[in-house]
Undergrad: 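This structure is in structure tokens; I'll ask about it shortly.
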Amino acid sequence: MSTGVIIALIVIVAVVVAVLAAFTVRARGAHGGGGLKRRFGPEYDRAVARHDGDVQAAERELAALVERHGGLRERPLEPAERERYEARWTATQEHFVDSPREAVAEADRLVAELAGARGYPDGGQYEEQAAALSVHHARHVQGYRTVHRLVGANGKADGSSDGAAPATEELRAALLEARALFEDLLAPARGELTAKKTETTTTTTARREDHGRHLPRAFQRHQPKEG
């Protein structure tokens with residue numbers, strides 16, 4: 001084998017090794033500590049806390065979640081379907097004024113149903129559904145966990161963090177927190193037309209800006225005063 005051929009083979013091997021190294025670095029950036037922390041935000045910190053500060057164990061857990069649910073694509077909602085969900089959430093908030101516990105239980109069921117409609121695991125598989133939501137809605141999934149914890153296994157909002165019946169203020173905070181995930185789930189899926197995205201985003205923004213004027217009195221006192 002001539003010297004020229006040997007040199008050519010060495011160059012080819014070096015190029016292949018460089019390409020593989022680049023892919024490895026990219027993969028680590030997407031699924032490694034920095035990428036996972038950016039993707040999961042507060043969920044990253046919760047995972048580390050669950051593992052008593054063991055960052056590597058937390059990152060293995062989160063990377064496994066991405067592997068299992070990262071390829072999920074949300075199913076688009078029809079406009080009429082989206083309006084029905086919005087109307088039901090409004091009714092749930094209004095119901096809170098007279099029956100806070102029942103309203104929180106309704107919110108728990110409604111978020112689970114909407115998530116299922118968007119293509120996430122069925123609400124009957126709560127743990128799997130929450131895990132998938134944590135991958136795609138990491139910044140708001142905790143609100144769903146909170147209402148689900150308060151509702152408990154019997155379907156009634158009577159489980160607080162200290163074992164006592166939750167106070168109205170705790171129920172109100174949970175419902176408001178869960179609303180953020182609910183609104184995220186109502187937003188258009190990535191594959192929908194740009195025009196529909198723009199229209200829905202504008203509508204959602206207007207609804208959020210105007211939300212304080214339409215909240216029941218039980219919620220309005222938590223809105224900042226104008227002026």
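Here the structure is a predicted model, which means the values were calculated and not measured. What you see below is based on every heavy atom in this structure, not just the backbone, and it leaves out hydrogens, waters and symmetry mates.
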Undergrad: At what distance, to the nearest 0.5 angstrom, does CD of Glu78 lie from CD of Glu83?
TA: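 That separation rounds to 11.0 Å.
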Undergrad: List the atom of Ala130, the atom of Val141, and the distance in Å for their closest heavy-atom pair.
TA: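 Looking at all heavy atoms of both residues, the closest pair is O-CG2, 3.8 Å.
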Undergrad: Applying salt bridge (Lys or Arg N to Asp or Glu O under 4.0 Å), can you list everything that pairs with Arg68, at least two apart in sequence or on another chain?
TA: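 Scan of Arg68 (salt bridge (Lys or Arg N to Asp or Glu O under 4.0 Å), adjacent residues dropped) gives Glu128.
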Undergrad: Would you say the side-chain atoms of Gln129 pair up with the backbone N or O of Ala112, donor to acceptor, closer than 3.5 Å?
TA: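 Yes, Gln129 side chain to Ala112 backbone: donor-acceptor pair under 3.5 Å.
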Undergrad: Using a strict 4.0 Å threshold on nitrogen-to-oxygen distance, state whether Glu183 and Arg179 make a salt bridge.
TA: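 Here Glu183 pairs with Arg179 in a salt bridge, since their nearest N and O are under 4.0 Å apart.
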Undergrad: Residues two or more places apart in sequence or in another chain: which of them pass side-chain contact (heavy atoms from CB on, under 4.5 Å) with Ala117?
TA: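 Once residues adjacent in sequence are excluded, the partners of Ala117 under the side-chain contact (heavy atoms from CB on, under 4.5 Å) criterion are Arg75, Leu77, Glu81, Tyr85.
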Undergrad: Looking at Pro188 and Arg118, what are the two nearest heavy atoms and their distance?
TA: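 Smallest heavy-atom distance, with atoms named: C-NH2, 3.8 Å.
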Undergrad: Just wondering, do Arg39 and Val135 contact through their side chains at under 4.5 Å, heavy atoms?
TA: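 In contact.
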Undergrad: Which pairs count as salt bridge (Lys or Arg N to Asp or Glu O under 4.0 Å) when at least one residue sits in residues 132-148, sequence neighbours excluded?
TA: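 Listed once each, the pairs are Glu43-Arg145.
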Undergrad: When you measure from the side chain of His69 to the backbone N and O of Tyr120, does any donor-acceptor pair fall under 3.5 Å?
TA: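 Not confirmed, His69 side chain does not pair with Tyr120 backbone.
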Undergrad: Are the side chains of Leu36 and Val66 in touch, meaning some heavy atoms are under 4.5 Å apart?
TA: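 Yes, side chains in contact.
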Undergrad: Restricting to non-hydrogen atoms, name the atom on Ala174 and the atom on Val147 that form the minimum distance, rounded to 0.1 Å.
TA: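 Distance-wise, the nearest heavy atoms are O-CG1, 3.4 Å.
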Undergrad: How far does CG of Leu171 sit from CG of Leu176, to the nearest 0.5 angstrom?
TA: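 Between atom CG of Leu171 and atom CG of Leu176 there are 11.0 Å.
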Undergrad: Which residue pairs pass the ring pair (Phe, Tyr, Trp, His ring centres under 6.0 Å) test when at least one of the two sits in residues 165-188, sequence neighbours left out?
TA: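 Passing the test, one end in residues 165-188: Trp89-Phe182.
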Undergrad: Roughly how far, to the nearest 0.5 Å, is the NE2 atom of His137 from the CD atom of Glu74?
TA: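 If I round to the nearest 0.5 Å, the distance is 4.0 Å.
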Undergrad: How far does NE2 of His136 sit from CG of Leu65, to the nearest 0.5 angstrom?
TA: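 The CG atom of Leu65 is 10.0 Å from NE2 of His136, to the nearest 0.5 Å.
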Undergrad: Salt bridge (Lys or Arg N to Asp or Glu O under 4.0 Å) with Arg88: which residues, sequence neighbours excluded?
TA: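 With sequence neighbours excluded, Arg88 shows a salt bridge (Lys or Arg N to Asp or Glu O under 4.0 Å) to Glu113, given in chain and number order.
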Undergrad: If every non-hydrogen atom of Phe96 is compared with every non-hydrogen atom of Thr168, which pair is closest and at what distance?
TA: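 Taking Phe96 first and Thr168 second, the nearest heavy atoms are CZ-O, 3.8 Å.
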Undergrad: What distance separates Leu175 CG from Glu106 CD, expressed to the nearest 0.5 Å?
TA: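 One gets 9.5 Å once the value is rounded to the nearest 0.5 Å.
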Undergrad: How far apart are the closest heavy atoms of Ala178 and Gly143, and which atoms are they?
TA: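 So the minimum-distance heavy-atom pair works out to CB-O, 3.8 Å.
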Undergrad: Can you see which heavy atom on Pro121 is nearest to which on Leu72, and at what distance?
TA: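 It is CD-CD1, 4.4 Å.
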Undergrad: Drop me the distance from Tyr144's OH to Leu185's CG, to the nearest 0.5 angstrom.
TA: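 The OH atom of Tyr144 sits 9.5 Å away from the CG atom of Leu185.
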Undergrad: May I ask you to decide if the ring planes of Tyr126 and His148 are parallel, tilted or perpendicular, using 30° and 60° as cut-offs?
TA: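 Rings of Tyr126 and His148: parallel, as their planes differ by under 30°.
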Undergrad: Going by salt bridge (Lys or Arg N to Asp or Glu O under 4.0 Å), name the residues that satisfy it together with Arg50, two or more places apart in sequence or in a different chain.
TA: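 Arg50: salt bridge (Lys or Arg N to Asp or Glu O under 4.0 Å) contacts with Glu61.
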